[in-house]
Amino acid sequence: MKICEKCALTALACVISLASFAQTDSDTNTDNSSHVKAFRHLDLAVTAGTTGIGIDLATPICKEVQIRAGFSFMPHISTKLHFGIESGKFDENGNWVSTNLDNMIDRLESLTGYRVDKTIDMIGIPTFYNFNLLVDVFPFHNKHWHFSGGFYLGPAKIAKAYNTTADMPTLLAVSIYNNIYDKIINDEPIMSDYYLDPDIGDKILEYGRMGIHMGDYQDGKPYFMVPGDNSMVKAKIKANNFKPYIGFGYGGRLIPNVDRYNISFDCGALFWGGTPEIITHDGTNLAKEVVNIRGKVGDYVDVITKFKIYPVINLRISCRLF
């Protein structure tokens, strides 16, 4: 188990222990006016913040402790990422050499009729949703401050990215070109028993392959991403299904002198269980296997790899049902 998970579970155990102590203390209190019967009340709340939009139900266990169970999801707000198509090949010494992309584009158009755009776009969308179970402990007399512990549970895939429909012809053309290149390298017929003219084949070998130079492997070799079997480029971000949570919050009445409506803020941390994985359609983990990632994608990867925990800041507005 990773250190951060141990810390989260230890903190969670402390919160639960504190809750047990608070309940025991409440049960032994001889002042019946200070005692709250378990499950006597039920609050319905809406939440919004870094875990998305959600709802939850909360009920007291005793005067100092309540439990919350809820569901939240991140709205599918898309982000567009831009990539440049490049061309190149390895020389006889294993060094990567960039080649003239314009020559390759013209050659491909003459062979297939497809024209390759020099850039493609990918759409990034969060797929983040979770069920949660939390224990809130109110250690102070005024009941404004609380400490929380519990967990969030949801799918491992928390975001995805894929190319736009408008770029499908370009990616198909890149796949066709690379397929021709591979057949020439392996001295195979282009189709049936048809071999490409040697002069054209030599030119294609000179140009190299098409793809997206995302970054470099740890050993310094370039990571050159090419379309997959369905002529698409994709990626997904994955974290643990089970995510421990610890945090604190502050709340009070939403309307003065009205106990039914309340507002509160929660701050804390979800523990991913380590660095999230960013897996492309060819199985490469950008977070662990690739460095010097270019453009906005590199900025996103840098942010993701630095956050082994997910910050939680939520607003909660509740209404007492009974």
Side-chain angles (χ1 to χ4, degrees), residues 4-5 8 12 43-58 67-83 121-136 148-165 232-251 263-281 285-288 293 295-319:
C4 61
E5 290 179 321
L12 177 57
D43 294 339
L44 174 65
V46 294
T47 61
T50 57
T51 58
I53 300 170
I55 59 172
D56 68 41
L57 293 170
I67 59 172
R68 283 188 279 158
F71 172 81
S72 59
F73 73 97
M74 190 68 69
H76 287 183
I77 302 173
S78 62
T79 301
K80 185 172 286 190
L81 307 173
H82 304 283
F83 298 89
D121 293 325
M122 291 184 70
I123 302 296
I125 298 177
T127 58
F128 189 53
Y129 68 87
N130 290 279
F131 296 93
N132 62 72
L133 181 63
L134 304 175
V135 177
D136 298 324
S148 303
F151 64 87
Y152 282 65
L153 183 65
K157 186 170 74 172
I158 59 176
K160 63 181 180 181
Y162 53 88
N163 61 269
T164 62
T165 303
M232 293 186 67
V233 290
K234 302 177 184 178
K236 57 186 176 183
I237 302 177
K238 298 179 65 178
N240 281 0
N241 299 82
F242 180 81
K243 297 169 279 289
Y245 171 82
I246 56 173
F248 66 92
Y250 183 88
I263 183 172
S264 63
F265 296 89
D266 284 282
C267 298
L270 280 178
F271 291 82
W272 291 128
T275 302
E277 297 181 333
I278 308 172
I279 310 296
T280 65
H281 60 273
N285 188 343
L286 296 181
K288 296 181 179 179
I293 299 175
K296 187 181 289 187
V297 176
D299 296 337
Y300 283 130
V301 172
D302 287 342
V303 170
I304 292 171
T305 54
K306 284 180 173 61
F307 280 94
K308 293 180 173 57
I309 61 173
Y310 183 75
V312 174
I313 302 175
N314 282 338
L315 169 68
R316 182 174 181 267
I317 299 177
S318 64
C319 172

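For reference, positions follow the sequence shown, starting with 1. Quick caveat, the model's predicted, so the values are computed rather than measured.
- Between Ser78 and Ile123, the shortest heavy-atom contact is CB-CG2, 3.5 Å.
- The CE atom of Met122 lies 8.0 Å from the CE atom of Met232; values are rounded to the nearest 0.5 Å.
- Across Asp266 and Arg68, no two heavy atoms sit closer than the pair OD1-NH2, 3.4 Å.
- Closest approach of Gly52 and Pro75 over heavy atoms only: CA-CD, 4.5 Å.
- No side-chain heavy atom of Ile313 sits less than 4.5 Å from a side-chain heavy atom of Phe265.
- One finds the NZ atom of Lys80 at 6.5 Å from the OG1 atom of Thr164 (value rounded to the nearest 0.5 Å).
- To the nearest 0.5 Å, the span separating CZ on Phe71 from CD1 on Ile55 amounts to 8.5 Å.
- With a 4.5 Å cut-off on side-chain heavy atoms, Lys234 and Lys236 do not count as touching.
- Proximity of Ile278 to Tyr300: side-chain heavy atoms (C-beta onward) are nowhere separated by under 4.5 Å.
- In the displayed structure, Leu315 atom CG is contacted under 6.0 Å by more than 12 heavy atoms of other residues, nucleotides or ligands.
- For the atom pair CZ of Phe128 and CD1 of Ile237, the computed distance is 11.0 Å after rounding to the nearest 0.5 Å.
- Closest approach of Thr305 to Thr275, counting heavy atoms only: CA-CG2, 3.7 Å.
- Applying the side chain to side chain donor-acceptor pair (under 3.5 Å) test to pairs two or more places apart or on separate chains, those with a residue in residues 121-131 are His82-Asp121, Asn130-Lys243.
- Annotation: side chain of Leu286 is in contact with side chain of Thr280 (closest heavy-atom distance under 4.5 Å).
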TODO: Before giving the answer on ring-ring contact (aromatic ring centres under 6.0 Å, His included), spell out for Tyr310 and Tyr152 the whole-Å C-alpha distance, their side-chain angles and the decisive distance to 0.1 Å.
DONE: CA-CA 12 Å; Tyr310 183 75; Tyr152 282 65; 9.1 Å; no
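- Within the 4.5 Å cutoff, no side-chain heavy atoms of Tyr245 are placed close to those of Asn132.
- With rounding to the nearest 0.5 angstrom, the CD1 atom of Ile263 is 11.5 Å from the OH atom of Tyr250.
- For the atom pair CG of Leu134 and CD1 of Ile246, the computed distance is 12.0 Å after rounding to the nearest 0.5 Å.
- Ion pairing between a basic and an acidic side chain is recognised when a charged N comes within 4.0 Å of a carboxylate O; Arg316 and Asp43 show no such pairing.
- Looking at residues two or more places apart in sequence or on another chain, you find no side chain to side chain donor-acceptor pair (under 3.5 Å) involving Asn163.
- Minimum heavy-atom separation, Ala239 to Ile158: CB-CD1, 4.3 Å.
- In this structure the side chain of Phe271 never reaches within 4.5 angstrom of the side chain of Asn240, judged on heavy atoms.
- Remark: the backbone N or O of Pro311 is paired with a side-chain donor or acceptor of Thr50 at under 3.5 angstrom.
- No donor-acceptor contact under 3.5 angstrom links the side chains of Asp56 and Thr47, judged on distance only.
- Counting heavy atoms from C-beta on, the side chains of Leu57 and Leu44 come closer than 4.5 Å.
- Counting all heavy atoms, side chain and backbone alike, Ala69 lies closest to Leu133 at CB-CD1, 4.1 Å.
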